[in-house]
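Here the structure comes first, spelled out in structure tokens, and everything after it is commentary.
Positions are given from 1, in the same order as the sequence printed here. Atoms within each ligand, like the ligands themselves, are counted from 1 in listed order.
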Amino acid sequence: MQFPSLLFTMVNNKAFISFVLLGASLVVNVLAQQSSQDNVLETSTKLKWTDCYTQLQCARLQVPLNYSDPDGGTASIAVIRFPSPLAGTDDYKGPILFNPGGPGGSGVQMIADGGAAFSELLGANFDIVSFDPRGVGFSTPRVSFFDTEAQRQFFGSFDVINATSDGLARIWARAQITGALAARHNQHNVLEHFNTENTARDMLRIVEAHGQRNIQYWGFSYGTVLGATFASLFPDRISRLVLDGVVDAEDYYATLWSKNLLDADKTLQIFFDDCFKGGPDLCPFYEPSPQAISRKLDDLTRATFLRPVPVLTGISYGLVDYARLQMSIFQSLWSPYALFPQLAQGLADLINGNGTTLYQIMEQPLFDCSCGTPTPPTIIADGGIAISCTDGQEVRDTVDELELYLQGLLRDSQWGEGMAKARKETFPSHPILWIGNTADPATPIAGARKMAQGFPGSVVLAQDSPGHCSIAAPSVCTSKFVRAYFMNGTLPDEGVVCPVDGPIFTGQSVGAADPSVRRALGVDEKDGDIVQALARLRRSFRVPLPF
Ligand SMILES: *[C@@H]1O[C@H](CO)[C@@H](O)[C@H](O)[C@H]1NC(C)=O
Ligand SMILES: *[C@@H]1O[C@H](CO)[C@@H](O)[C@H](O)[C@H]1NC(C)=O
Ligand SMILES: *[C@@H]1O[C@H](CO)[C@@H](O)[C@H](O)[C@H]1NC(C)=O
Ligand SMILES: *[C@@H]1O[C@H](CO)[C@@H](O)[C@H](O)[C@H]1NC(C)=O
């Protein structure tokens, strides 16, 4: 079956880009909105930590907007850490920086949710550190294309291809508006400084402010573009670099976004296969063959297209319609271990006219307009759009060209090798560890293999699982390689494929406190802490969808 929601995401992105860049000399204005953190934290060129959230510390680091113009304007980067309890001892091994992906994902949010679990996974020897990239979240100035959060909410965020007969044209038309709004908010000319190269330079500043020379880093999804960019700029400043869920950076910088879908259908097929294997007791959407499950989903999709289902929950309400169904399936492909059981239940209920469980896959609390207080939520898409537009080559598609692009995505295996340009090889001061899942719906493992070639000495570790980035699935094997790499710098042998621990449909959550559950899943008891940390991470942190 086709995957319109994925296409929506990619095409929507492309359309935004085409729009924003159409705006002649791209000068997008940025509202330097104050976030609540600003009131508390002073910006400094040193890291002055203040306690924040639970067990965490926050600081604001001042960096130049333009590294070629150090006396010009500055940006303030929101930094957060789960501090190592071993700081000051011989066992302390410095900070590991994280980027959650996006572009435009909030590292502050990521560590607020998952910092303690990452520390458990990797060892107490490290500070677990992240930051909101310039333009994003709590960092200032912050990109916003709208005057108020209420305006953003009323404009809405997406259209889905084929949800209406004019779906693609609507996406294109809305992108014209987004671009115009971006251009309208353009007094300060700062947008052109919000790009991946400058963010890589900011990371070096964060490392140096920690008193270290070289970086230790784990980047997910778009975070692999950021990590690879850092490696190209500062090859002799690398101590550890784990790039997980690898984006083909060449494709990204060319604003093609054409390679992301290669393995998406494979991930959906795993839903059908594993639901069948799980049987009717563990998978409520069960049918006597994977093909029959796939057909049942097609039938349900058609039925939902014709008859959307109303839902009221305790915290919000809305429709499960074609678009919502597609987006929820897409979200589930991202995190199959966390969401396939809920998806199966939700689809089974939806057949019976109850959309609640399906709706809850992507449920957000209702928007509440606190009129007059300009405190937007931490994560909005504008920063990510700005970053990918500033990074990428200019796109000026008409709606017809967008149609052609879409057709290209549908034949995506044909996009390809011809585009690979010869790249200059980079020799990093420590070899890079690349990680790819065998069925990643957003970043096929082919991206990891291609990128690794540009960095001699690298190793690609494959994880035999569906989902986006390694932490979407439980693998003690992968975790041990990552931990050994950070602790000792050791790499797996080339060609290693890590298995995952346990099936998706278990009726129980992997890493449950009960050791008998773990024994039943074949997990060695002494790895119980890794299993539990991974389970906590899957609950608390999800690599953000691109926009
Ligand atoms: C959208 O609809 C068109 C025409 O009905 C069809 O050819 C196409 O395959 C559909 N696209 C997707 C992604 O479902
Ligand atoms: C950054 O500063 C340099 C030196 O003043 C200038 O040439 C360059 O145009 C600036 N870059 C941007 C994006 O403004
Ligand atoms: C729909 O399903 C939810 C979740 O299982 C349940 O709580 C709710 O009572 C159901 N609603 C109806 C109308 O049956
Ligand atoms: C790091 O190396 C030491 C010494 O060889 C070893 O004892 C330890 O288990 C290794 N740590 C990891 C996490 O692999």
Side-chain angles (χ1 to χ4, degrees), residues 21 25-30 63-75 84 86 90-94 96 118-126 134-135 141 143 186-202 216 218 239-240 242 284-285 309-320 328 339 341-363 386-387 389-392 394 430 433 459 461 475-493 496 498 524 526-527 529-530 533:
L21 291 173
S25 59
L26 165 68
V27 218
V28 175
N29 169 29
V30 170
V63 296
L65 264 179
N66 178 352
Y67 277 91
S68 304
D69 183 13
D71 299 327
T74 61
S84 164
L86 300 175
D90 289 348
D91 290 329
Y92 176 65
K93 287 181 177 290
I96 298 175
F118 278 118
S119 177
E120 257 173 68
L121 197 63
L122 298 175
N125 315 65
F126 303 98
R134 46 173 64 204
V143 180
N186 78 356
Q187 303 101 355
H188 302 301
N189 290 6
V190 296
L191 190 82
E192 53 200 325
H193 304 296
F194 295 160
N195 58 32
T196 299
E197 177 176 333
N198 280 338
T199 297
R201 296 182 188 280
D202 295 341
Q216 310 186 98
W218 188 353
S239 168
R240 308 280 185 265
V242 177
F285 202 61
V309 175
V311 173
L312 285 98
T313 73
I315 60 166
S316 75
Y317 43 80
L319 299 180
V320 174
S328 302
L339 293 176
Q342 185 179 355
L343 178 67
Q345 185 68 55
L347 293 173
D349 290 355
L350 190 59
I351 286 185
N352 297 322
N354 184 338
T356 302
T357 303
L358 202 282
Y359 185 84
Q360 284 171 332
I361 290 176
M362 299 194 71
E363 185 170 28
I387 292 164
C389 290
T390 312
D391 281 346
E394 182 166 350
H430 192 85
L433 175 57
V459 168
L461 173 65
S475 171
V476 170
C477 168
T478 301
S479 299
K480 283 184 169 173
F481 278 122
V482 172
R483 189 189 271 197
Y485 176 77
F486 278 118
M487 291 289 268
N488 292 341
T490 49
L491 287 145
D493 292 335
V496 169
C498 272
D524 193 327
K526 69 180 181 338
D527 296 327
D529 57 336
I530 295 181

What are the atoms of ligand 4, with element, lying closer than 4.0 Å to any heavy atom of Asn488? 1 (C), 2 (O), 3 (C), 8 (C), 10 (C), 11 (N), 12 (C), 14 (O)
Contact check, side chains of [X] and [Y], non-hydrogen atoms, under 4.5 Å:
X      : Y      : answer
Leu358 : Leu347 : yes
Thr74  : Pro64  : no
Ile96  : Phe118 : no

For residues 480-490, run the donor-acceptor check on the side chains, cut-off 3.5 Å, and write out each pair with its distance to 0.1 Å, sequence neighbours left out.
unit_1	atom_1	unit_2	atom_2	d
Lys480	NZ	Asp527	OD1	3.2
Lys480	NZ	Asp527	OD2	3.3
Arg483	NE	Leu121	O	2.7
Arg483	NH2	Glu120	O	3.2
Arg483	NH2	Leu121	O	3.1
Tyr485	OH	Leu241	N	2.8
Tyr485	OH	Leu241	O	3.3
Tyr485	OH	Pro431	O	2.7
Thr490	OG1	Ala484	O	3.4

Would you say Thr356 and ligand 3 have an N/O pair spaced under 3.5 Å apart? no
Checking Leu319 against Val309 for the side chain to side chain contact (heavy atoms under 4.5 Å, CB included) test, could you report, in this order, the C-alpha distance in whole Å, the side-chain angles of both residues, the deciding distance, and whether it holds? CA-CA 6 Å; Leu319 299 180; Val309 175; over 6 Å; no
Who passes side-chain contact (heavy atoms from CB on, under 4.5 Å) against Val311, sequence neighbours left out? Thr313, Val320, Thr356, Tyr359
Set of residues satisfying side-chain contact (heavy atoms from CB on, under 4.5 Å) with respect to Ala344, sequence neighbours excluded: Phe271, Cys283, Pro284, Phe285, Phe505
Ligand 2 N/O to protein N/O, distances under 3.5 Å:
unit_1	atom_1	unit_2	atom_2	d
ligand 2	2 (O)	Asn66	ND2	2.3
ligand 2	11 (N)	Asn66	ND2	2.9

